[in-house]
Amino acid sequence: MSKFKKLASMVLLAIVMTVSLVACNDSDSDAATPTPDPDTETPAAKSVSFTGVKAPETDTEKRSILASDTVTIDGQEYSIGYHTILRSGDKPSSDSEVFGQLYDEDGDKVLNPSDASDYVSSDNDFSSLLTGLDGNLYMISHFESVPAAMYITKLKQDASGVLSAEKTRHIDFSGVKGGWVHCAGSVTPWGTHLGSEEYEPDAKIVDATTGKFNDTYGNRMALYFGLATNLTTAGAYSTMNIYNYGWQTELAVQNFNAVTVTKHYSMGRVAHELGYVMPDKKTAYISDDGTNVGLFRFVADAAGDLSSGTLYVAKWAQTDAANGGSANITWISLGSASDAEIKAMLDSHVTYADIFDEVDISGGAACPSTHNEINTTYGHQCLQVKTGMEKAASRLETRRYAAMLGGTTEFRKMEGITLNSETRTMYLALSEIGNGMLDNNATNDAGGPNDIKVAKNTCGAVYALDLDTNYAATKMYPVVVGTPVTTDYGAADDSKKYASDGAFANNKCSLDGVANPDNLTFMPGYKTLIIGEDSGAGHENDMIWSYNVETKTLTRIQTTPYGSETTSPYFYPNYHGFGYLMSVIQHPYGEATTGMPAANSTADKRAYTGFIGPFPAMN
């Protein structure tokens with residue numbers, strides 16, 4: 001790209017981001033709430049309560065979507081429900097593409113290697129609601145697959161607030177070498193979409209001759225480049241750079257045909273569940289999904305610009321082992337970097353062997369004092385960063401480098417992040433408590449510091465983190481904890497929830513509480529946390545809950561069909577005059593649970609992208 005074109009592109013991105021923020025703020029003012037006169041009125045406390053839905057009992061209910069049909073807001077009841085905007089495989093208009101169809105770098109359809117059919121993903125994930133530079137309503141949608149995809153959908157909003165799809169198309173990622181396992185996401189305070197690339201491939205296991213990634217996801221990425229599925233093509237490494245994947249991805253919408261895509265290499269390369277930007281427009285928290293992972297905090301050099309900044313990893317100092325554990329949190333700097341600096345490393349094909357000197361300790365050999373003994377997602381290792389490669393290590397091998405500097409890399413299945421801005425409390429979901437979080441786990445604590453020492457809980461927990469005035473977390477403690485059960489599958493006084501009752505026999509976590517919490521969102525001003533699940537054995541049917549952080553009331557507000565995952569719960573208090581709780585139902589019948597029956601038809605396996613609502617404006 002010429003210097004002129006690069007400068008023009010950067011200017012366009014800055015304009016799009018700025019005007020997107022203005023447009024987003026304009027939409028919030030479409031139905032402003034009157035301000036009480038302080039001399040004559042006492043402002044009423046805001047409140048929201050959903051009509052709960054039961055845990056599904058019959059086969060029909062377990063194949064269905066159950067959702068709250070009413071909500072009471074500030075004492076007034078409103079009718080709501082679950083509304084589907086698009087299902088995977090839908091084509092909403094003649095000038096649309098098929099929602100979820102995967103495309104390669106040349107814009108050609110990706111085909112299933114097994115039968116050459118169109119590769120349409122049902123791994124729908126995070127979907128954001130945005131206002132474009134042109135003032136129109138849009139949705140950006142993730143597909144958590146490899147190759148991955150993001151779609152832009154132009155939306156229509158009727159007089160009652162119901163959203164529907166006008167047209168949809170895939171977003172071109174060829175400028176950043178394609179997308180990878182787009183999982184959760186968020187909307188930045190300046191109105192752009194912040195997406196993720198989860199489960200970054202392990203650069204250590206790349207075949208230096210063929211470039212073969214040697215993992216399940218990696219070999220499928222070959223389809224994006226038109227290569228053989230197993231990447232045996234000679235010279236494939238020149239096309240396939242493993243360090244191109246595992247990043248935060250920001251998208252700014254100008255209009256339906258113009259979306260700017262930027263991968264933020266400055267923010268580090270981990271198994272990004274999502275990044276969440278704080279109200280200061282500089283601090284972003286990054287959750288890292290998997291086993292032996294870390295919690296990361298990025299502080300941008302300039303507000304509203306994620307292209308450069310300093311990255312930190314959390315250090316857990318345990319204060320209590322109960323209910324998943326509590327701790328004081330401190331932060332270790334991994335140094336500063338810019339997108340441009342790290343992109344130059346990608347372009348020069350820096351490799352794992354360029355960054356690290358590794359001593360093989362797999363046979364029980366001692367790790368020399370010149371090296372660091374660590375335990376991360378990739379296991380027990382003995383590493384030394386080669387001279388001058390610290391910045392490369394901090395961004396290309398973020399988790400390994402964080403562990404080498406003393407960061408805590410013992411967390412298990414780190415998922416959603418959200419914020420109660422009124423109390424400056426951040427919430428973080430851990431889908432399971434186990435592996436490296438246990439005390440001296442034989443495999444996951446070997447060679448590591450054993451910072452976290454708690455009891456196993458396969459049902460997981462949601463934690464709160466207290467943030468200081470600079471949005472740095474100082475304390476972490478559990479607020480909603482799942483309850484594993486053995487003989488009793490719910491409350492002891494509820495006869496319907498015993499293991500002897502066939503309707504509930506396949507739930508390994510109490511039906512009165514969460515199982516494997518995943519994505520989170522907060523209803524600002526209403527003291528209400530929304531919790532989505534990604535559960536297999538925990539709950540036969542995944543659920544979404546509302547939780548009042550003041551009264552501690554937990555209410556089930558949605559259940560999903562067999563084998564689904566609830567993704568993308570994200571609350572919009574005022575999107576052009578109405579409120580929405582986005583809710584995506586990923587891969588129905590796609591994640592086997594005990595005794596799960598087959599789908600009645602292929603169509604039943606198509607995923608749902610939609611919302612609970614509409615609500616009145618709630619800002």
Side-chain angles (χ1 to χ4, degrees), residues 102 104-105 110 144-149 173-183 195-249 261-273 286 288-293 337 339 341-358 374 376-379 381 383 385-386 389 391-404:
L102 304 185
D104 67 17
E105 65 174 338
V110 171
E144 191 182 9
S145 52
V146 177
F173 268 63
S174 61
V176 290
K177 307 299 183 183
W180 176 280
V181 196
H182 298 312
C183 193
S196 61
E197 292 189 313
E198 193 180 36
Y199 299 137
E200 87 286 9
D202 184 4
K204 179 183 176 180
I205 62 174
V206 171
D207 186 299
T209 302
T210 66
K212 183 177 177 181
F213 279 26
N214 292 314
D215 74 353
T216 303
Y217 283 136
N219 294 336
R220 291 207 303 268
M221 194 64 196
L223 299 172
Y224 185 76
F225 298 99
L227 299 172
T229 306
N230 292 323
L231 272 184
T232 55
T233 306
Y237 188 48
S238 63
T239 301
M240 297 282 289
N241 184 349
I242 202 163
Y243 284 131
N244 281 327
Y245 311 107
W247 305 102
Q248 286 292 311
T249 304
V261 178
T262 304
K263 286 191 180 182
H264 285 305
Y265 310 113
S266 61
M267 298 179 76
R269 179 176 173 272
V270 295
H272 291 281
E273 173 74 14
I286 297 164
D288 187 13
D289 194 355
T291 299
N292 277 49
V293 295
D339 287 352
E341 288 176 304
I342 308 307
K343 180 61 163 59
M345 297 177 188
L346 298 182
D347 292 342
S348 64
H349 279 277
V350 169
T351 67
Y352 176 88
D354 293 330
I355 299 171
F356 295 120
D357 177 72
E358 181 169 6
I374 63 171
T376 68
T377 303
Y378 302 124
Q381 292 183 273
L383 300 176
V385 177
K386 292 185 176 179
M389 299 304 289
K391 186 165 291 190
S394 76
R395 295 318 195 264
L396 301 182
E397 293 288 349
T398 302
R399 191 186 308 105
R400 282 178 165 122
Y401 188 64
M404 294 174 73

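Please read these numbers as outputs of a predicted model, since none were measured by experiment. Residue numbers start at 1 and run along the sequence shown.
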Please step through side chain to side chain contact (heavy atoms under 4.5 Å, CB included) for the pair E397 and L383, ending with a clear verdict.
CA-CA 12 Å; E397 293 288 349; L383 300 176; over 6 Å; no
Are K386 and D354 close enough, and set up right, to give a side chain to side chain contact (heavy atoms under 4.5 Å, CB included), and what steps lead you there?
CA-CA 7 Å; K386 292 185 176 179; D354 293 330; 5.8 Å; no
Taking the side chain as every heavy atom from C-beta outward, state whether L396 and V350 have any pair of such atoms under 4.5 Å apart.
yes
Kindly assign one of parallel, tilted or perpendicular to the pair Y245 and W180, based on the angle between their ring planes and the thresholds 30° and 60°.
parallel
Is there a side-chain contact between K177 and L346 in this structure, where contact means two heavy atoms from C-beta onward sitting under 4.5 Å apart?
no
I'd like to check the salt bridge (charged side-chain N to carboxylate O under 4.0 Å, His left out) partners of R395; sequence neighbours left out, ordered by chain and number.
none
Partner of R269 by side chain to side chain contact (heavy atoms under 4.5 Å, CB included), out of I242, N244, I342
I242
Close side-chain approach of Y401 and I355, heavy atoms under 4.5 Å:
no
What I'd like to find out is whether the side chain of E197 reaches to under 4.5 Å of the side chain of V181, using heavy atoms alone.
no
Side chain to side chain contact (heavy atoms under 4.5 Å, CB included) between R400 and F356: does it pass, once the steps are laid out?
CA-CA 10 Å; R400 282 178 165 122; F356 295 120; 4.0 Å; yes
Heavy-atom side-chain contact between M267 and W247 under 4.5 Å
no
Show, in sequence, the C-alpha distance, side-chain angles and deciding distance for T376 and N292, and conclude whether the side-chain hydrogen bond (donor to acceptor under 3.5 Å, both in side chains) test is met.
CA-CA 5 Å; T376 68; N292 277 49; over 6 Å; no
How many angstroms lie between OG1 in T398 and CG in D288, if you round to the nearest 0.5 Å?
9.0 Å
Any chance you could measure Y378, atom OH, to R399, atom CZ, to the nearest 0.5 Å?
5.0 Å
To the nearest 0.5 Å, tell me how far H272 NE2 sits from H182 NE2.
12.0 Å
Can a donor-acceptor pair be found, under 3.5 Å and without considering hydrogens, that links the side chain of E144 to the backbone of C183?
no
Could you grab the distance from atom CD of Q248 to atom OG1 of T262, nearest 0.5 Å is fine?
12.5 Å
Return the set of residues passing ring-ring contact (aromatic ring centres under 6.0 Å, His included) with Y224 (not counting sequence neighbours), or none when no residue passes.
none
Donor-acceptor under 3.5 Å (T249 side chain, G195 main chain):
no
Flag side-chain contact, heavy atom, 4.5 Å: L223 against L102
no
Looking only at heavy atoms, what is the nearest atom pair of S145 and P147, with distance?
OG-O, 3.0 Å
